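Here's the structure, in structure tokens; my notes come after.
We use all heavy atoms of the structure for the numbers below, so side chains are in, but hydrogens, waters and symmetry mates are not. Fair warning: this is a prediction, and the values are worked out from it, not measured in the lab.
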Amino acid sequence: MDWKRIAAFTLAAALVLPGLSTGALAADATDRAQSAQNAIEQALNYGGATSIQYALWEDGEITMTGHAGTFSRTENRALTDGDLYGIGSVSKIYTTAAVLRLVEEGKVDLDAPVTDYLTDFTMADPRYTDITVEMLLDHSSGLMGDSTRSAFLFGDADPSATDELLERLSSQRLKADPGAYSVYCNDGFTLAELVVEAVSGQSFTDFVREELLTPAGLTDTYTPADEFDTDRLARIYLGDDTRPLPADTLNIIGAGGIYATASDLASFGGALCEPGLLEQDSLDGMAADHAVDGIWPADSEDDILAYGLGWDSVHMYPFNQNGIQALVKGGDSLYYHAGLIVLPEYDMAVAVLSSGGVSTYNQLAGVQILTNALAEEGVIVRSGTALPASQPAALPASELEKAGTYGGLGSVMTVSFEGNEMVLTAAAALGGTVQRLTYYNDGSYRDPSNSVLVKLVKESDGHLYFYQKSYTTLPGLPSICQAEYVLERMEPNPISDEVAQVWQARSSKVYLPLNEKYTSQLYTAASNLFMNVAVLPECPGYAAVYRITGADEAVQYLTIPGNGSRNGSDFSFSTGEDGLEYLTASGYVCVESAAAKPIYIGDGASCTIQPDGYARWFQVGSAAGATVTFTATGNGAAYVYNADGSLSSSMYLYGENTVSLPEGGWIVFAGDPGATLQIQRQ
């Protein structure tokens, strides 16, 4: 669930280095170890990572490793190749392999309904019985998104996010017919994790270790359910703070919870190059292009997404332009970032892991490392980054019918036409910026530098999609292509004046989550927690990009494949006995901010978590400037925020019990039922 306000959409601009190609970089490299080091340092710098680590696997062994950055901002401790990192969503490759092991044993059929293996799996939508196991692995299940409440925790291996998934899904609908299109979905892989457990009779962690890690000789791969030395984890930080955070703990293990060294991860990728750990049929199935089976852009060969089973892409650019199949999976938690690339035909795999940073940059560093390794074998990888040749042309009348308001994740803009130009106007609340693109005779629109190509495409489902293609090159790293649907036209949705007034009044409110665990990573900033459901004049009948269906309901509207409609939800509002308005979405229960009363810090001040387990919210109010000491009884913790939403202090993260309350700030106390917070003014 996205707790942030929607933000403006900006067309990507390509930064092209004349005469530079990935092939040229590889061919000129005289020391590939130094080139690899340069690449990971560039990835570290662009992403602002604290540390980064890589490993290259070739023909059965690790041939190169390296690292950059610092293990810790305060400890006198060297960074090593044996440090552990969270690999985030690269964990999905392990989940896929685990399911395929069960397929090979005849215990699971990829074409069988998930309900054959999870008999307690039900949803408030009869179509759920059409979801097959394969659809979980290629993101085409039609599930709404991520039911990940209390899944991203600090130093807390609480499995409830996975254990309670079936209960959460039981009240949800699907946002699409199963198999209609692929859009990234963590819940699908958590369901796959549950399938592995139900069929094998083992915990997911035990099955993965017994069937995958041990046979592959991997001894530096763990999950939160394992007992291991967490002091080996590369330190993570909140912004520029020098104090390390507790361990990054993702308890949806099959979707993103595994830890590893780069050497172990690269070796696992290497084990997927040829039969051994899995049979050839399984490897072929993983590497097949599944995204094209549903709604998908026609011109997307070079895009960063082309889903296989588990893989983000099964024909990664620029290798695909050179007749080389490259399989890639990226992973991003809030604090760790990972990239795994496998070249099955050449028995090569590379892993790049970082604390902080961005997985895309890690992957680009991996591309450079593999390009250098191929060059040593006489294989030169070249990349074509130019958009196809075309010329400006008169605008056909048929294009005028595609005008309207288009929305996407964090994006709302109006498309109109003047002469032979498309005029893109961001929603006024999002800045109101205007961009103009010229129509070309291949049916595209392009920016003045001819670096971005846009088309308005009517798909087989009858919906209009905003397609964008561009190539971007960062100095010192290979180029990357994005060729995807990023927006969808928001069709008219008439509502009554009475309903519109209700939503307009609601638009000015902020809602605070009540049922997130006190160890949650969401508490690192109020901006993660505060939710606003904006009503924009550019799209009447919608709350942001959610279609209003009544005074108290709005439903997921977007159907953009790839990444464009992930993490969907339906909104439901109700009024409690206390007269306050409550919002329920994606398993979260939120209350309007009017519930946060000024905190009392006089004699005997305290608050207790009630049997419903809901967090207690307060405004600092007139207590600003006062110094107080918090003492918690039971499992709970208080977080204090500045007026701008940044974290001021935390009992749980930093052991800060005595704090100065900031002007205009907020306080939340979360914990188990019965937990009590004593507040004493100093």
Please tabulate, for the side chains in residues 249-262, all donor-acceptor contacts under 3.5 angstrom to protein atoms that are two or more places apart in sequence or on a different chain.
unit_1 : atom_1 : unit_2 : atom_2 : d
T249   : OG1    : G155   : N      : 3.1
T249   : OG1    : A247   : O      : 3.0
N251   : OD1    : D158   : N      : 3.4
N251   : ND2    : D156   : O      : 2.9
N251   : ND2    : D158   : O      : 3.3
Y259   : OH     : D248   : O      : 2.6
T261   : OG1    : D264   : N      : 3.1

Next on the checklist: Could you measure the distance from the CD atom of E488 to the CD atom of E459? Nearest 0.5 Å is fine.
Outcome noted: 10.5 Å

Checklist entry - Given the rule in the side-chain hydrogen bond (donor to acceptor under 3.5 Å, both in side chains) test, do Q325 and E345 qualify, once you have shown the distances and angles that lead to the verdict? => result CA-CA 7 Å; Q325 183 173 43; E345 302 160 83; over 6 Å; no

Checklist entry - Would you say the side-chain atoms of S282 pair up with the backbone N or O of L278, donor to acceptor, closer than 3.5 Å? => result no

Next on the checklist: Can you confirm if the aromatic rings of Y546 and Y557 lie within a centre distance of less than 6.0 Å?
Outcome noted: no

Next on the checklist: Would the distance check show the side chain of E274 and the main-chain N or O of D347 forming a donor-acceptor pair, the cut-off being under 3.5 Å?
Outcome noted: no

Next on the checklist: Going by side-chain hydrogen bond (donor to acceptor under 3.5 Å, both in side chains), name the residues that satisfy it together with Y184, two or more places apart in sequence or in a different chain.
Outcome noted: S89, K92, K329

Next on the checklist: One pair to check against side-chain contact (heavy atoms from CB on, under 4.5 Å): L456 and Y406. What are the steps and the verdict?
Outcome noted: CA-CA 10 Å; L456 301 176; Y406 287 71; 4.0 Å; yes

Checklist entry - Side-chain contact, heavy-atom cut-off 4.5 Å: P215 with L277? => result yes

Item to check | Shortest non-hydrogen contact between A39 and A365, atoms and distance | outcome: O-CB, 3.7 Å

Next on the checklist: Donor-acceptor pair, distance only, cut-off 3.5 Å: does the side chain of R232 make one with the backbone of D220?
Outcome noted: no

Checklist entry - Any side-chain heavy atom of M144 within less than 4.5 Å of one from R173? => result yes

Item to check | Pairs touching residues 303-323 that satisfy ring-ring contact (aromatic ring centres under 6.0 Å, His included), sequence neighbours left out | outcome: H139-Y307, W296-Y307, Y317-Y471

Checklist entry - Just checking, is any N or O donor in the side chain of S565 or Q556 under 3.5 Å from an acceptor N or O on the other one? => result no

Item to check | Side-chain H-bond candidate by donor/acceptor type, N186 with T190, under 3.5 Å | outcome: no

Item to check | side-chain hydrogen bond (donor to acceptor under 3.5 Å, both in side chains) involving E227 - partner list, sequence neighbours excluded | outcome: none

Next on the checklist: Quick one, V208 and F204 - any side-chain contact, counting heavy atoms below 4.5 Å?
Outcome noted: yes

Next on the checklist: Going by the rule side-chain hydrogen bond (donor to acceptor under 3.5 Å, both in side chains), which residues pair with D461 if we only count those two or more places apart in sequence or in a different chain?
Outcome noted: Y465

Checklist entry - S147: what forms a side-chain hydrogen bond (donor to acceptor under 3.5 Å, both in side chains) with it, not counting sequence neighbours? => result Q172, D187

Checklist entry - Of all residues at least two apart in sequence or in a different chain, which pass the salt bridge (Lys or Arg N to Asp or Glu O under 4.0 Å) check with D83? => result none

Checklist entry - Are the side chain of N320 and the backbone of E301 linked by a donor-acceptor contact shorter than 3.5 Å? => result yes

Next on the checklist: Using the rule given for side-chain hydrogen bond (donor to acceptor under 3.5 Å, both in side chains), can you reason through S203 versus D206, listing the C-alpha separation, both sets of side-chain angles and the distance that settles it, and then say yes or no?
Outcome noted: CA-CA 5 Å; S203 72; D206 287 346; 3.2 Å; yes

Checklist entry - How would you list, by chain and number, every residue that makes a ring pair (Phe, Tyr, Trp, His ring centres under 6.0 Å) with F207, sequence neighbours excluded? => result none

Checklist entry - Is a donor on one side and an acceptor on the other found under 3.5 Å between the side chain of S91 and the backbone of I87? => result no

Checklist entry - Judged by modelled atom types alone, do T223 and T205 share a side-chain donor-acceptor pair under 3.5 Å? => result yes

Checklist outcome for this item: Across all chains, not counting sequence neighbours, the ring pair (Phe, Tyr, Trp, His ring centres under 6.0 Å) partners of Y346 are none

Item to check | Stepwise side-chain contact (heavy atoms from CB on, under 4.5 Å) check, L44 with Y361 | outcome: CA-CA 8 Å; L44 178 142; Y361 298 145; over 6 Å; no

Item to check | Audit row: S520, S150, side-chain hydrogen bond (donor to acceptor under 3.5 Å, both in side chains) steps and yes/no | outcome: CA-CA 6 Å; S520 172; S150 296; 5.8 Å; no

Next on the checklist: Strictly distance-based, threshold 3.5 Å: is any side-chain N or O of S383 a donor or acceptor partner for the main-chain N or O of T385?
Outcome noted: no

Item to check | Residue pairs, two or more places apart or on separate chains, that pass ring-ring contact (aromatic ring centres under 6.0 Å, His included) and touch residues 143-165 | outcome: F154-Y335

Checklist outcome for this item: Note: S460 and I295 closest approach over all heavy atoms is OG-CG1, 4.0 Å

Checklist entry - Can you list the residues that meet the ring pair (Phe, Tyr, Trp, His ring centres under 6.0 Å) rule with Y222, with sequence neighbours excluded? => result F228

Next on the checklist: For the CG atom of L143 and the CE atom of M135, what is their distance to the nearest 0.5 Å?
Outcome noted: 11.0 Å

Checklist entry - Any side-chain heavy atom of L100 sitting closer than 4.5 Å to one from M286? => result yes

Item to check | Pairs where residues 113-126 contributes a residue and the test side-chain hydrogen bond (donor to acceptor under 3.5 Å, both in side chains) is met, not counting sequence neighbours | outcome: D125-R127

Checklist outcome for this item: Rounded to the nearest 0.5 angstrom, the CD1-CG distance for I236 and L245 is 5.0 Å

Item to check | Side chains of H337 and D332, donor plus acceptor under 3.5 Å | outcome: yes

Next on the checklist: When you compare the side chain of I131 with that of L136, does any pair of heavy atoms fall below 4.5 Å?
Outcome noted: yes

Checklist entry - Hey, does the side chain of S333 reach the backbone of Y336 with a donor-acceptor pair shorter than 3.5 angstrom? => result yes

Checklist entry - What closest approach, in Å, do L213 and Y94 show between heavy atoms, and which atom pair accounts for it? => result CD2-CE2, 3.9 Å

Item to check | Which atom of S355 lies closest to which atom of Y85, heavy atoms considered | outcome: N-CE2, 3.4 Å

Next on the checklist: Taking the basic N atoms (NZ, or NE/NH1/NH2) and the acidic carboxylate oxygens, is any pair closer than 4.0 Å for D303 and K469?
Outcome noted: no

Next on the checklist: Centre-to-centre under 6.0 Å for F466 and Y485, is that the case here?
Outcome noted: no

Checklist entry - Going from CG on L327 to SG on C273, what distance comes out if it is rounded to the nearest 0.5 angstrom? => result 8.0 Å

Next on the checklist: Evaluate S354 against Q53 for side-chain hydrogen bond (donor to acceptor under 3.5 Å, both in side chains), listing each step before the verdict.
Outcome noted: CA-CA 6 Å; S354 65; Q53 180 191 94; over 6 Å; no

Checklist entry - Is the side chain of S182 donor-acceptor paired with the backbone N or O of D138 at a distance under 3.5 Å, no angle test? => result yes

Next on the checklist: Looking only at side-chain N and O atoms, does E58 offer a donor or acceptor that is under 3.5 Å from a partner on T63?
Outcome noted: yes

Checklist entry - Counting N and O atoms only, with roles assigned by atom type, does the side chain of R566 sit under 3.5 Å from a partner on the main chain of G145, one being a donor and the other an acceptor? => result no

Item to check | Reported NZ-to-CD distance for the pair K455 and Q468, which is rounded to 0.5 angstrom | outcome: 13.5 Å

Checklist outcome for this item: In this structure, CZ of F121 is separated from CG of L169 (nearest 0.5 Å) by 5.5 Å

